[in-house]
Amino acid sequence: MAVPAQAAAVQVRPLVELRESGGFAGVNDRVVVYTNGCVRLSKRTGPVVRKCVTVKEWRGLRAKLTHLRLGRNQAQPQGADHLKYTLAYKGRTVTRYTLTTSWAPVVSRMEKLLQRYWAPD
């Protein structure tokens, strides 16, 4: 008896998600990396882009994630020109306005994926 295609399909889940928003420019970027090595990228303007990353990029991000410590939400600082970083990982979502030493490498890798792969066709 054949297994239905839906049952045989591997469920792909988000591994990690980064949202960057705010600042005077009105940034609203989102990078979702899935467990299969593909990404979903979006910006304030333009389409949502789906791509798969290279093995090197995938391994590099996974290595940085092993050192990630989400910590606690950071209170919003006074003023108007602040970027807000929100990371969702392992069932937790945390927002910061300054990057910690464990956040910076993960955010940097994910920003590079956005820069490399988000290009509307």
Side-chain angles (χ1 to χ4, degrees):
M1 179 175 194
V3 177
Q6 295 153 334
V10 175
Q11 186 170 2
V12 178
R13 296 185 179 141
L15 174 66
V16 63
E17 177 180 344
L18 169 67
R19 292 184 189 188
E20 291 182 8
S21 59
F24 284 129
V27 171
N28 189 10
D29 296 345
R30 184 175 178 195
V31 179
V32 182
V33 180
Y34 293 93
T35 54
N36 67 350
C38 294
V39 295
R40 182 177 183 268
L41 311 163
S42 61
K43 290 181 166 253
R44 182 173 53 90
T45 60
V48 172
V49 175
R50 290 176 174 83
K51 301 281 184 174
C52 291
V53 302
T54 66
V55 172
K56 183 178 179 182
E57 290 167 329
W58 175 245
R59 287 182 182 157
L61 177 60
R62 298 282 307 234
K64 298 303 179 191
L65 286 170
T66 63
H67 301 287
L68 178 63
R69 302 294 173 259
L70 284 176
R72 298 182 182 190
N73 287 317
Q74 182 180 19
Q76 183 173 351
Q78 302 241 344
D81 190 25
H82 297 284
L83 280 178
K84 177 169 86 171
Y85 301 91
T86 302
L87 275 175
Y89 182 60
K90 291 188 174 181
R92 291 192 56 221
T93 302
V94 177
T95 297
R96 298 201 51 84
Y97 294 87
T98 56
L99 298 178
T100 65
T101 56
S102 78
W103 275 53
V106 172
V107 169
S108 176
R109 292 257 177 180
M110 295 181 77
E111 287 174 337
K112 285 178 185 172
L113 294 176
L114 184 66
Q115 291 169 2
R116 178 171 181 189
Y117 293 108
W118 191 85
D121 295 329

Side-chain heavy-atom pair R19, Y85 within 4.5 angstrom cut-off: no
Please examine the side chains of W103 and L70, heavy atoms only from C-beta on, and report whether any two atoms are closer than 4.5 Å. yes
Nearest heavy-atom contact between Y34 and V12 is CB-CG1, 3.5 Å
Which atom names give the shortest non-hydrogen contact between R92 and G71, and what distance separates them? NH2-O, 2.6 Å
Within-4.5 Å side-chain heavy-atom neighbours: M110 and L87: yes
Atom pair CG/CD of L18 and E111 - distance to nearest 0.5 Å: 6.5 Å
Return the CZ to NZ distance between R109 and K112, rounded to the nearest 0.5 Å. 6.5 Å
Taking the side chain as everything from C-beta on, heavy atoms only, tell me whether T54 gets closer than 4.5 Å to R116. yes
Does any non-hydrogen side-chain atom of R40 lie less than 4.5 Å from one of R30? yes
Side-chain touch T100/R69, heavy atoms, less than 4.5 angstrom: no
Can you get from L41 to L65 by hopping between Ile, Leu, Val, Met, Phe, Trp and Tyr side chains that sit under 4.5 Å apart? yes
Under 3.5 Å donor-acceptor, R44 side chain and G26 backbone: yes
Is it the case that the side chain of N73 and the backbone of T95 share a donor-acceptor pair, with hydrogens and angles ignored and the cut-off at 3.5 Å? yes
Mind checking whether T93 and E17 have side chains closer than 4.5 Å, heavy atoms only? no
Is the shortest side-chain heavy-atom distance between L61 and V16 below 4.5 Å? yes
Look at the side-chain heavy atoms of Ile, Leu, Val, Met, Phe, Trp and Tyr, link any pair under 4.5 Å apart, and say whether L83 and Y97 land in one connected group. no
So, W118 side chain and S42 main chain: donor-acceptor pair closer than 3.5 Å or not? no
Please report the C-alpha distance between V94 and Y89 in whole Å, then the side-chain angles of each, then the deciding distance to 0.1 Å, and finally whether the side-chain contact (heavy atoms from CB on, under 4.5 Å) criterion is met. CA-CA 9 Å; V94 177; Y89 182 60; over 6 Å; no
Closest non-hydrogen atom pair between P14 and V32, with its separation: CB-CG1, 4.0 Å
To the closest 0.5 Å, what do you measure between NE2 (H82) and CD (Q74)? 10.0 Å
Side chain of E20, backbone of V27: donor and acceptor closer than 3.5 Å? no
